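Taking it in order: structure first as structure tokens, then the write-up.
These numbers were taken from a predicted model, which means no experiment stands behind them.
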Amino acid sequence: MIEYKKDLNESQYEAVNFDQGPLLVIAGAGSGKTRTLTYRVARLVEAGIPPSAILLLTFTRKASQEMLRRASLLLDDRCENVSGGTFHAFANTMLRRYATDLGYDRNFTIIDRADMENLIVMLKKEMGLGEKDRSFPKKGTMASLFSRSVNKVISLEDVIYDDYPHFSTHMDALGQLYATYALHKNRHNLMDYDDLLIIFHRLLKEFPDIRQHISSMFKYIMVDEYQDTNQIQADIIYMLAGENSNVMVVGDDSQSIYAFRGAEIKNILSFPDHFPGTTVIRLEENYRSVQPILHLTNQIIDQAAYKYTKTLFSRKMGGSCPRLVMTPDENSQSRFIIDHIRDLSLQGVRLNRMAVLFRAGFHSFDLEIELGREGIPFVKVGGFKFMDSAHIKDVLAHLKVIHNPDDSVSWNRILLLLEKIGPKGAGRIFRDLKETGAGHRGLEHLKLKPTLAKSVERLTSLFAALDPESMPIAGLGEHIVEYYLPILRNRFDDYPKRERDLEQLLTIMERYSDLEAFLTDMAIEPPSNSIEGTFSASEPSDESRLTLSTIHSAKGLEWHTVFIIWALDGRFPAMRSLHKEDETEEELRLTYVAATRAEENLYFLCPGQAYDRATGLMLNRPSRFLEQLPEGAIDIQYTY
């Protein structure tokens, strides 16, 4: 038996033991929300609820796996059978069962962001749009436009007018491209990341019998990080809730900072309106920070216009008052940090227990230079993700066409790797391949000009040797990597580093026995570590590196000491956000998230002045969110 009362505080215990109806848990920073979800999973299973009748939705697969692992340690292995995963993974599972009801084949291919961009470019060229027009948006911007329209559930025109008015002259062309992109995906059995939610939402809405069947599978639904859901995800939860509405959502409106991804803070603020009779429980005891830091963060978030009122408190007494450090310029800001890093190191605080946080990546450039000069090793969170690396995508493209021969994006990528084949040639070869109906081995049946035949000779031999029915996934991968290595060495100067990434990919493949499962995981929840995953001054162990991170990347993490740089009005909060109330509110919440990462020491640093080229203004005031604090909430120090 689990000793719930002993292991949990009063609010956590109330949430864990809540039984019937809708429940909203407002979990303040560092208040043990993961612990609360974990114990509730264990309690429901212990009470006799079949694990498969519990649905736990999170924003990363790692989060759900960790919660279910902890629940299993608390109770037993039954907890590992709880239906857990991300919204996108859950949608994918359901669509694999029911896609035919919507006119899709069950073997649809999921295309990631880079594939999406490449497909958009390919269609743009075929349609002759934006030729020799430098003002036409680039592929990444077009992908963002299309994705934002989907996630915010607003028209493409509204996205352009609201966020990209300088592209309004291309409105008609972008609308045509958007429609063609959607049609191409439908014809070639492709879904992008956003489609998984959109099409699953459509399935639930248009087929009440299927919705009822899926809803009846789950007696209890739990959702983590509810403040980060978009409108589509909130609608999905509403439709799955069923008559009993046994829905528990956990989140913190004060940490809603992903509007640029389509997250809607109104989902958590209006949850009780959509689920009448909702019980609201607040988790306010913080297990991370000393009380002076919490006193400051409470004062910061009190400035929010729309919020669930809560007051974080800690049993960790002592600690110094947070400081706002005013420096003459940016370099002085960097030198202050370096001096204090050295002092803290002498006191026994390891480098990996310190972090420098910032609003935008370029804010740390001066500091990076100074850290390099002083020989202080650091890791900067950012850079290319593993799955965004060209060499990884090249190898996966070969596997994708084996799984779905109609995948035009992957065929295009594979063929463009070959000498003497350009976009037009690749398009012609793909159209001829489709007519053969021979799948990935169709190259053998094509009648090509001698020059083209020579170009595809090795590729033809590769596909002739690959048998997905008898070969393990890693075996397929080894053949493809062996074929690809000469191409890799010809295309990239840093091929030794990239070869290590391919070795890591083969290691990942060994865990899978099903090609569809492997490709699905690579698209929905790929690994994030790679040679290109971080920028660092050197390669020491994690324990001896300082962390530099954007605030968005730091959410959910914590450090002994946190330095927040460029706390200058116009830089943080960002200038462009100060003209819209909802964006200013999000900048306030971003300040709150940054400050609540600190356990013992918290510093805001503000250069005395900076020239803003975009507006022609001289910025010389600290962040308005710090200027408006009551006396005593933060100490002000001048280093002039």
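Between L119 atom CG and Y181 atom OH the span is 6.0 Å, to the nearest 0.5 Å. Here CG of L590 is found 12.5 Å from CD of E583. Values are rounded to the nearest 0.5 Å. The CE atom of M239 lies 6.0 Å from the CD1 atom of I236; values are rounded to the nearest 0.5 Å. A distance of 4.0 Å separates NZ in K434 from CG in D406, rounded to the nearest 0.5 Å. A distance of 10.5 Å separates OH in Y193 from CG in D112, rounded to the nearest 0.5 Å. Taken to the nearest 0.5 Å, the OG1 atom of T169 stands 7.5 Å off from the CG atom of D133.
Below 30°, between 30° and 60°, or above 60°: for F59 and F87 the angle between ring planes is between 30° and 60°, a tilted geometry. Note on ring orientation: taking the six-membered ring where Trp is involved, the planes of F90 and F200 are perpendicular (angle over 60°, cut-offs 30° and 60°). Relative orientation of the H552 and Y258 rings is tilted, given thresholds of 30° and 60° on the angle between their planes.
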Exercise for review: Kindly indicate, with the supporting measurements, whether the criterion side chain to side chain donor-acceptor pair (under 3.5 Å) is fulfilled by S144 and S147.
Suggested key: CA-CA 5 Å; S144 294; S147 184; over 6 Å; no
Practice item. Could you give me the CA-CA distance, side-chain angles and deciding distance for K138 and E117, then say whether side chain to side chain contact (heavy atoms under 4.5 Å, CB included) is met? Key: CA-CA 9 Å; K138 294 180 173 57; E117 292 178 3; over 6 Å; no
Check your understanding: Could you go step by step and tell me if E225 and K555 meet the salt bridge (Lys or Arg N to Asp or Glu O under 4.0 Å) rule?
Key -> CA-CA 11 Å; E225 303 284 13; K555 185 173 176 289; 3.2 Å; yes
**Study point:** CA sep, side-chain torsions, deciding dist, call: H579, T584, side chain to side chain donor-acceptor pair (under 3.5 Å)
**Key:** CA-CA 8 Å; H579 305 293; T584 305; over 6 Å; no
Review point. Yes or no on side chain to side chain donor-acceptor pair (under 3.5 Å) for Y484 and D394, after CA distance, side-chain angles and deciding distance?
Key: CA-CA 8 Å; Y484 178 70; D394 289 345; 2.6 Å; yes
Exercise for review: Please report the C-alpha distance between F167 and F136 in whole Å, then the side-chain angles of each, then the deciding distance to 0.1 Å, and finally whether the ring pair (Phe, Tyr, Trp, His ring centres under 6.0 Å) criterion is met.
Suggested key: CA-CA 7 Å; F167 292 138; F136 203 84; 8.0 Å; no
Check your understanding: How far apart are the C-alpha atoms of T278 and D273, what are their side-chain angles, what is the distance that settles it, and do they pass the side chain to side chain contact (heavy atoms under 4.5 Å, CB included) test?
Key -> CA-CA 8 Å; T278 293; D273 298 329; over 6 Å; no
Practice item. Decide salt bridge (Lys or Arg N to Asp or Glu O under 4.0 Å) for D235 and K205; before the verdict, give the C-alpha distance in whole Å, the side-chain angles of both, and the deciding distance to 0.1 Å. Key: CA-CA 10 Å; D235 287 348; K205 190 173 182 179; over 6 Å; no
Point to revise | salt bridge (Lys or Arg N to Asp or Glu O under 4.0 Å) between E66 and K62, intermediate numbers included | key: CA-CA 6 Å; E66 179 62 16; K62 181 179 178 182; over 6 Å; no
Exercise for review: Start with the C-alpha gap between N189 and N107, add the side-chain angles, then the distance that decides, and say whether side chain to side chain donor-acceptor pair (under 3.5 Å) holds.
Suggested key: CA-CA 8 Å; N189 206 28; N107 72 329; 2.9 Å; yes
Practice item. Assess whether side chain to side chain contact (heavy atoms under 4.5 Å, CB included) is satisfied between R589 and I265, documenting all intermediate values. Key: CA-CA 11 Å; R589 296 193 295 271; I265 189 174; 3.4 Å; yes
Exercise for review: Determine, step by step, whether V381 and L548 satisfy the side chain to side chain contact (heavy atoms under 4.5 Å, CB included) criterion, reporting the C-alpha distance in whole Å, the side-chain angles of both residues, the deciding distance to 0.1 Å, and the verdict.
Suggested key: CA-CA 6 Å; V381 178; L548 310 184; over 6 Å; no
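Atom CZ of R211 has more than 12 heavy atoms from other residues, nucleotides or ligands within 6.0 Å. Annotation: F260, atom CZ; neighbour count of heavy atoms from other residues, nucleotides and ligands within 6.0 Å is above 12. Within 6.0 Å of CZ in R106 there are more than 12 heavy atoms belonging to other residues, nucleotides or ligands. In Y238, the OH atom is not crowded: 12 or fewer heavy atoms of neighbouring residues, nucleotides or ligands sit closer than 6.0 Å.
With hydrogens and angles ignored, the 3.5 Å screen pairs no side-chain donor or acceptor of D105 with any backbone N or O of F108. Between the side chain of S149 and the backbone N or O of L145 there is no donor-acceptor pair closer than 3.5 Å. Between the side chain of T93 and the main chain of A89, a donor-acceptor pair closer than 3.5 Å is present. The main-chain N or O of A241 is never found under 3.5 Å from a side-chain atom of S245 such that the two would form a donor-acceptor pair. In this structure, the side chain of S215 engages the main chain of L240 through a donor-acceptor pair within 3.5 Å. Although no hydrogens or angles enter the test, the distance criterion places no donor-acceptor pair under 3.5 Å between the side chain of Q227 and the main chain of S254. The backbone N or O of R61 sits less than 3.5 Å from a side-chain atom of S64, completing a donor-acceptor pair. The backbone N or O of I111 sits nowhere less than 3.5 Å from a side-chain atom of K185 that would complete a donor-acceptor pair. At least one donor-acceptor pair under 3.5 Å links the side chain of T180 to the backbone N or O of Q176. At distances below 3.5 Å, not a single donor-acceptor pair connects side-chain atoms of S389 with backbone N or O atoms of I392.
Looking at T60 and Q65, their side chains never come closer than 4.5 Å, going by heavy atoms from C-beta outward. Between H398 and L476, the closest side-chain pair of non-hydrogen atoms is not below 4.5 Å. With a 4.5 Å cut-off on side-chain heavy atoms, Y104 and I199 count as touching. Taking 4.5 Å as the limit, every side-chain heavy atom of F572 sits out of range of all side-chain heavy atoms of S623. Looking at I110 and T520, their side chains come closer than 4.5 Å, going by heavy atoms from C-beta outward. A heavy-atom distance below 4.5 Å is not found between the side chains of Y220 and M248. In this structure, L578 and R624 have side chains that are in contact, with non-hydrogen atoms separated by less than 4.5 Å. Considering only heavy atoms from C-beta on, L505 comes within 4.5 Å of V395 through its side chain.
With sequence neighbours excluded, the residues forming a salt bridge (Lys or Arg N to Asp or Glu O under 4.0 Å) with D253 are K310, listed by chain and number. Under the side chain to side chain contact (heavy atoms under 4.5 Å, CB included) criterion, N412 pairs with M122, L416, A426, sequence neighbours left out.
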Per-pair distances, 0.1 Å, donor-acceptor, side chain in residues 152-165, under 3.5 Å, sequence neighbours excluded:
| residue | atom | partner | partner atom | Å |
| --- | --- | --- | --- | --- |
| S155 | OG | D158 | N | 3.1 |
| S155 | OG | D158 | OD2 | 3.3 |
| D163 | OD2 | R148 | NH1 | 3.2 |

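R261 and D228 are not joined by a salt bridge, as no carboxylate oxygen comes within less than 4.0 angstrom of a charged side-chain nitrogen. With salt bridges taken as basic N to acidic carboxylate O contacts below 4.0 Å, none links E586 and K580. Under the 4.0 Å criterion applied to side-chain N and carboxylate O atoms, K33 and D252 are not assigned as salt-bridge partners.
In this structure, the ring of F271 has its center no less than 6.0 angstrom from the ring center of Y308.
Geometrically, R571 does not engage F358 in a cation-pi contact defined by less than 6.0 Å to the ring centre and at most 45° from the axis.
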